[in-house]
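What's counted below: heavy atoms across the whole structure, side chains too, no hydrogens, waters or symmetry copies.
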Amino acid sequence: MRYIGKSVIRRISLIAVAAVTVAGGGAALAQVVTGDPVTSPSFDGPVYAVAYQGDTVYVGGSFTRAIVNGRSVPRTRLAAFHARTGELIDWRPSADANVRALAVTGDVVYAAGDFERINGEARDKVAGIGATSGLPTSLRHTFTGQPVALASGNGRLYVGGRISAVDGVPRGNLAAFTLSTGALDAWAPTTDDSVNALAATNERVYLGGRFHRTNSVASTLRLAAVDPATGVLDRGFAPKPVSQVFALATDPNGVYAALGGQGGRAVAYAPGGQTRWTRVFDGDAQAIAVLDGTVYVGGHFDKACTTTNNGIKGVCTDGSVERGKLAAVDATGNLLEWAPRANGVVGTRQLAASPALGAISAVGDFTTVSAATRKRYVSFNGVTPREEATPAAGPGYAASYNFDTTIADGTFDDGSGHGHLLRTVSRNGGAIKLVTKGSGQALAFPPKCTGRGCPRLVLQAVDTPDLNPGKRPLRYGAGVLLSPAETSSGENVLQKGYSTGGGQYKLQVDGVSGKPSCGMSDVSEKSLYVVRSRTSIADGTWHAVECRRTGATLAIVVDDKLQASTAIPETLSVDTPQPFSIGGKGTGENNDQFHGALDDVWIHVG
């Protein structure tokens, strides 16, 4: 028998109301990284630039030392570290002055800034550096002016800034180099003022800055697009932003710009230059990145305006919400609840996104983020799962139970169609009790009890290979009802395996505070990786709790909202012969007995 679980209906209802706006700014369900900073190094001076390459993060700035676990390590304006763990990599090129922009292509990290030497070798303001070796490449040119922006694509390294010549050859604030040879490229569009930002696609190179003319064409104000091979102006793109552009990002829907001016703005433009949406802040927006449809904005603002109106010194005139130097906006322009709150005056200088890791990095002059010490670099991982129905049946769903139906011998049917029947295992009089939930029913477990002889009750399904995920993506969860009086030191909602061998995955409620957690361990190790919700669910109301393992990330989601995530080994594998249990890990005295009610328990593998 297959069925559609009651939580499907509940989540559809949630999605239907998600477009209702709050405080004029809007609140919508979207894919958003966690607001809790992950482990990362700190730096003793401003960080101006950040770029991802695979699992590695590269940063540049004016720092001279990185701080890792309280230990100060020399790093002269350039550094690299593992994105997942924050562990510093032995990549230590040195620049003799500030690094202001980075771009990574293949095995080369390109840097632009104020420097004249890299590792003591002459490199005037732009250099190529081996992404593994840390040694300068043969790329070597002389600039008249100051480059501040880089972008790579279409076989070229694009450079922007306030530039009048390269190797004595005239250039109008823009230049390019052929990646295969390092030679100065013929690509040479011009602007009448500085270029602060570049973004390259296969069809266009977007330019952002202070300029009013591109290729001598009037009214190409502050944001323009040119051909990536010829530099010819794309006249079909003419957005005319109201103030100078500090940063750019692109996706298939168009281009996103971070603006200064009276307050600051984040603006989304369609490919034709039409404004799709605008968000206004009480300070400059200086950085922007897009990840899976969500736009992240950084700057030196403290508040996001609830409308597009602001007044003197950028003050929001129609109301505002706190957003300390970082904010997120959904695909239709709704301001999201993501608000990590960085400190400082300058705040965030640049953002970078890694689609492969589902991560966002921010750099700047801040020293704390979300009340945690994060000096000048911070990273956020673990994209919130998409708004989709709680699984009940279909490909990938290994088991699903709504407790609305039983079969002749009193066991509970598996709605996934795989036949994983749940059988009752009890001790000391522990008995099944069904309670009404909506138009169906849920399963209530024995009440809280102290001393020996307490009733014990678990439901178990025998082990089969499809309940063991191995290294594959894994999702599992349940609807949980628990009152404050029903919490204890630990209560198992569901569990497969033990950390003593074979690996495990489990969902439980920890301690009297009633905060749920997800745990996983590897087939060959006893270490248990745990991620815990920031908020309690022990309030006497139903909550949907989900655990999600994707690659090297384990996340917990409560009521469609990401609560926390943690790094786990990408090689972690679960292959255990133990039965799948609901309500406890067994029927012994210390079985972590669950005392509330459960509904819509499910497992999805792959």
Side-chain angles (χ1 to χ4, degrees), residues 37-121 123 125-137 139 148-150 152 287 289 298 342 344 346 348-354 357 359-369 372-381 567:
V38 300
T39 301
S40 61
S42 290
F43 296 90
D44 68 347
V47 180
Y48 300 135
V50 57
Y52 283 96
Q53 175 75 320
D55 286 349
T56 302
V57 178
Y58 295 91
V59 294
S62 64
F63 54 85
T64 58
R65 305 187 78 83
I67 299 95
V68 182
N69 297 324
R71 184 170 59 95
S72 180
V73 183
R75 288 294 187 271
T76 309
R77 302 180 182 90
L78 288 160
F81 48 92
H82 291 292
R84 299 179 188 277
T85 66
E87 180 184 356
L88 205 62
I89 292 172
D90 190 24
W91 185 80
R92 53 181 71 197
S94 63
D96 64 348
N98 296 338
V99 174
R100 299 190 179 276
L102 293 173
V104 188
T105 298
D107 194 40
V108 180
V109 179
Y110 294 97
D114 308 332
F115 54 84
E116 295 179 352
R117 293 182 176 274
I118 299 292
N119 291 359
E121 297 184 26
R123 293 293 187 276
K125 300 182 178 64
V126 171
I129 304 166
T132 303
S133 69
L135 301 176
T137 69
L139 181 73
V148 297
L150 295 174
S152 62
V346 174
T348 301
R349 292 180 181 269
Q350 194 177 107
L351 291 164
S354 170
L357 300 177
I360 288 286
S361 284
V363 298
D365 291 56
F366 49 81
T367 56
T368 64
V369 180
T373 299
R374 291 295 185 273
K375 295 183 178 179
R376 304 167 185 99
Y377 173 86
V378 68
S379 178
F380 306 95
N381 289 351

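- Side-chain contact annotation: Tyr52 with Ser361, donor-acceptor N/O pair under 3.5 Å present.
- Heavy atoms only, all atoms of each residue included: Trp91 and Ala80 are closest at CE3-CB, 3.6 Å.
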task = Check the pair Val57 / Tyr377 against side chain to side chain contact (heavy atoms under 4.5 Å, CB included), numbers first and verdict last.
result = CA-CA 11 Å; Val57 178; Tyr377 173 86; 3.8 Å; yes

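- A heavy-atom distance below 4.5 Å is found between the side chains of Asp114 and Arg100.
- With a 4.5 Å cut-off on side-chain heavy atoms, Phe380 and Pro37 count as touching.
- Scanning all heavy atoms of the two residues, the minimum distance from Val68 to Gly86 falls at CG1-O, 4.5 Å.
- The heavy-atom pair separating Tyr110 from Leu150 by the smallest distance is O-CD1, 3.5 Å.
- What you find for Ala289 and Leu351 is that their closest heavy atoms are CB-CB, 3.9 Å.
- When atom types are taken as modelled, the side chain of Gln53 and the backbone of Gly106 share a donor-acceptor pair closer than 3.5 angstrom.
- In terms of modelled atom types and a separation under 3.5 Å, the side chain of Arg123 and the main chain of Ile118 share no donor-acceptor contact.
- Pro74 has its side chain out of reach of Arg92: every pair of non-hydrogen atoms, C-beta onward, lies at least 4.5 Å apart.
- With hydrogens and angles ignored, the 3.5 Å screen pairs no side-chain donor or acceptor of Thr76 with any backbone N or O of Ser94.
- The side-chain heavy atoms of Thr348 and Phe366, taken from C-beta on, include a pair separated by under 4.5 Å.
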Open item on the list: Before you tell me yes or no, could you show the steps for Asp365 and Arg349 under side chain to side chain contact (heavy atoms under 4.5 Å, CB included), namely the whole-Å CA-CA distance, both residues' side-chain angles and the distance that decides it to 0.1 Å?
Closed with: CA-CA 8 Å; Asp365 291 56; Arg349 292 180 181 269; 2.5 Å; yes

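- Counting non-hydrogen atoms of neighbouring residues, nucleotides and ligands closer than 6.0 angstrom, the CD atom of Glu116 reaches no more than 12 such neighbours.
- With rounding to the nearest 0.5 Å, the separation of CG in Asp96 from CG in Asn119 is 10.5 Å.
- Closest heavy-atom contact between Thr39 and Thr85: CG2-O, 3.6 Å.
- Under the 3.5 Å distance criterion, the side-chain polar atoms of Arg374 are matched with a main-chain donor or acceptor of Val38.
- Note: Ile129 CD1 to Leu102 CG = 8.0 Å, rounded to the nearest 0.5 Å.
- With sequence neighbours excluded, no residue forms a ring-ring contact (aromatic ring centres under 6.0 Å, His included) with Tyr48.
- You'll find the side chain of Arg376 reaches within 4.5 Å of the side chain of Thr367, heavy atoms only.
- Summarising the geometry, atom CD belonging to Glu87 is positioned 10.5 Å from atom OG1 belonging to Thr56; distances are rounded to the nearest 0.5 Å.
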| message | Quick one, Leu357 with Asn381, criterion side chain to side chain contact (heavy atoms under 4.5 Å, CB included). Give me CA distance, side-chain angles, the key distance, then yes/no. | response | CA-CA 7 Å; Leu357 300 177; Asn381 289 351; 5.5 Å; no

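- Minimum interatomic distance between Val369 and Ala342 (heavy atoms only, all atoms of both residues): CG2-CB, 4.0 Å.
- Between Phe63 and Phe43, the angle of the ring planes lies from 30° to 60°, which puts this pair in the tilted group.
- Side-chain N or O atoms of Asn98 include none that pairs as donor or acceptor with a backbone N or O of Pro46 at under 3.5 Å.
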